[in-house]
Enquirer: 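This structure is in structure tokens; I'll ask about it shortly.
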Protein chains: 2
Amino acid sequence: MSAMAAELPDSDPPARKLTARGRDRRHAVLEYATSRFAENGYHPTSVSDIVDGIGVGKGVFYWYFPSKDDLLLEILRDALFDLRRSQEAEIADSDDPLERLELGIRASLTWLVANQDILRITMFCWTEETFARALRKGRRIIIADTAKHIQEAMDRGLIEPGDPEVMATAVRGVIDELARSYAVGVTKVESDVLDLAVRLCLHGLTGKQS
Amino acid sequence: MSAMAAELPDSDPPARKLTARGRDRRHAVLEYATSRFAENGYHPTSVSDIVDGIGVGKGVFYWYFPSKDDLLLEILRDALFDLRRSQEAEIADSDDPLERLELGIRASLTWLVANQDILRITMFCWTEETFARALRKGRRIIIADTAKHIQEAMDRGLIEPGDPEVMATAVRGVIDELARSYAVGVTKVESDVLDLAVRLCLHGLTGKQS
DNA sequence: GAAAAACTTGACCGGTCGGTCTACTGACGG
DNA sequence: CCGTCAGTAGACCGACCGGTCAAGTTTTTC
């Protein structure tokens, strides 16, 4: 459906120069599209719906985004960026790898719960290869982030030896599933979920009660 | 997009009379569509793709199904039916509610793992109201099934008092999330998942080690 | 064996969708 | 005040999609 070229997925090739007004408009499109996709579905939300919704012409959309697919891909990219940012901000102060792990888990889960639109869009994205590919790439990055701390904790003998990549995958799995089940209403209040996630992951990794 | 009438969701109003050949064809469409939807996505798979794929004319599709949306709804309905069927078959022999609970959990999880196409389609369905509604209805039924056994176990003092509906929701949540994470590859081999699910749920409900 | 009912075909249709394009606006630098 | 260029509008386009239908074939029924 979209272009056949552009195999390098990072940083838009043109990288247009935007004025202040331009950045605002672009942001508005991103914002509005995210909410519409989340509550209406991707395909049922047409480009016309989006531009009509924010009261602009169709030209605006295609001035800022090469295609509808690219818009969604960019929503995903931004989300990943933002999630990592808030995770790293939370971690920055600590130099204990286990604590960094805990803070990272809390930050991630908090972010996911606060961005349920993204959570919902993500569910859709897993069902179509074009987007699932981007999701897998993003998850690999996030897992690498987590694995780094696990590796370090392992080096210090805080965690039993094993493949840090696999352990990180498990940890991210717990976080994702908890976020989803919280969003669906299975799990209770937010702070409970946080504690549960931390307990589950750290206890699981270290083999000790926290 | 689809009809406005038909508020009674059960049993197709016309209930066409099918010959043996008819049942086969109909089943072939259901089968093929399920696999295509699962691996290509619902919207990107057109009705023409489906009929071309099984080498028939478009008329065949609309002879057996009133619309594409209805086809998906029927896939969901069949899946729910089949899941409940295999669950009840597994349970039938036992008259201990706790054992019925365990057998039900194992049967459900086994079914979900064996029907990952459905699992994947389901993920899509949560993202569009038309189908999410059907999913919620189905879950309510499944939860009621589970709650019945919990209620009974509670009456016999095998489970601490509480709202059986809520407990059943939690149990089904565990099952769904485990199935999904198994499908994604987070969790390990099948039998491990089964034991984990049973331990988690029963231990959680009874407060005892199994 | 004929009437009826089940089934099949594929050309066709109306509508919508993603995307293009031309003409225009407006802000800003020099 | 003019040139430039980011930004904007929306008519327009080709493709395709879900769905229809008239005309046919096959199967069942009596």
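The sequence lines fix the lettering, A, B, ..., with proteins before strands; numbering per chain opens at 1. On a predicted model such as this, the values are computed, not experimentally measured, just so you know.
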Enquirer: Whether the side chain of Gln116(A) engages the backbone of Val113(A) through a donor-acceptor N/O pair (distance < 3.5 Å, no angle test) should be reported.
Expert: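 Yes.
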Enquirer: Any side-chain N or O of Trp63(A) under 4.0 Å from OP1/OP2 of dG7(D)?
Expert: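 Indeed, a polar side-chain atom of Trp63(A) lies that close.
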Enquirer: What is the distance from CG of Asp49(B) to C1' of dG18(D), rounded to the nearest Å?
Expert: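 Result: 12 Å.
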Enquirer: Any ring-ring contact (aromatic ring centres under 6.0 Å, His included) pairs touching residues 72-111 of chain B, not counting sequence neighbours?
Expert: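 Those involving residues 72-111 of chain B do not exist here.
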Enquirer: Assess whether salt bridge (charged side-chain N to carboxylate O under 4.0 Å, His left out) is satisfied between Asp145(A) and Arg172(A), documenting all intermediate values.
Expert: CA-CA 10 Å; Asp145(A) 287 346; Arg172(A) 299 318 302 199; over 6 Å; no
Enquirer: With a non-hydrogen cut-off below 4.0 angstrom, is Phe65(A) in contact with a base, only sugar-phosphate, or nothing?
Expert: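 The answer is nothing, as Phe65(A) stays clear of every strand by at least 4.0 Å.
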Enquirer: For the helix from dG1(C)-dC30(D) to dG30(C)-dC1(D), what angle lies between the axis at the first five pairs and the axis at the last five pairs, to 10 degrees?
Expert: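 Angle reported: 20°, given to the nearest ten degrees.
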Enquirer: Mind checking ring pair (Phe, Tyr, Trp, His ring centres under 6.0 Å) for Phe37(B) and listing every partner two or more places apart, or none if nothing turns up?
Expert: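 Result, ring pair (Phe, Tyr, Trp, His ring centres under 6.0 Å) vs Phe37(B): Tyr42(B).
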Enquirer: Can you pull out the residues from residues 29-39 of chain A that lie within a 4.0 Å heavy-atom distance of DNA chain D?
Expert: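 Those residues whose heavy atoms fall under 4.0 Å from DNA chain D, taken from residues 29-39 of chain A, amount to none.
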Enquirer: Where does the angle between the aromatic ring planes of Phe124(A) and His43(A) fall among parallel (under 30°), tilted (30 to 60°) and perpendicular (over 60°)?
Expert: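 Rings of Phe124(A) and His43(A): perpendicular, as their planes differ by over 60°.
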Enquirer: May I ask you to list the residues of residues 50-62 of chain B, by number, that have any heavy atom positioned under 4.0 Å from an atom of DNA chain C?
Expert: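 Here the set is Val56(B), Gly57(B), Lys58(B), Gly59(B), Val60(B).
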Enquirer: Is any side-chain N of the basic residue among Arg100(B) and Glu152(B) closer than 4.0 Å to the acidic one's carboxylate O?
Expert: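 So Arg100(B) pairs with Glu152(B) through a salt bridge.
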Enquirer: Give a yes or no on whether the backbone of Ile91(A) and the side-chain of Ser94(A) come within a donor-acceptor separation of less than 3.5 Å.
Expert: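 It does not hold such a pair.
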Enquirer: Nearest to the side chain of Lys68(B) - dT28(D), dG19(D), dA6(D)?
Expert: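 The listed nucleotide nearest to Lys68(B)'s side chain is dG19(D).
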Enquirer: To the nearest 0.5 Å, what is the distance between CD on Glu128(B) and OG1 on Thr45(A)?
Expert: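 Between Glu128(B) CD and Thr45(A) OG1, I get 8.0 Å after rounding to 0.5 Å.
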Enquirer: Rounded to whole angstrom units, what separation is found between the CZ atom of Arg23(B) and the P atom of dA6(C)?
Expert: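 Between P of dA6(C) and CZ of Arg23(B): 13 Å.
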Enquirer: Under 4.0 Å: is that the gap between some side-chain N or O of Tyr64(B) and OP1 or OP2 of dA6(C)?
Expert: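 Result: no.
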Enquirer: Does dT8(C) have OP1 or OP2 under 4.0 Å away from a side-chain N or O of Arg25(B)?
Expert: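 So the side-chain polar atoms of Arg25(B) do come within 4.0 Å of the phosphate oxygens OP1 or OP2 of dT8(C), strictly under.
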Enquirer: Which residues pass the side chain to side chain contact (heavy atoms under 4.5 Å, CB included) test with Arg25(A), sequence neighbours left out?
Expert: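 Listed in chain order: Val56(A), Val60(A), Tyr64(A).
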Enquirer: Just N and O in the side chain of Ser46(B): are any of them under 4.0 Å from OP1 or OP2 of dC16(D)?
Expert: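 So the side chain of Ser46(B) is outside the cut-off, no N or O lying under 4.0 Å from OP1 or OP2 of dC16(D).
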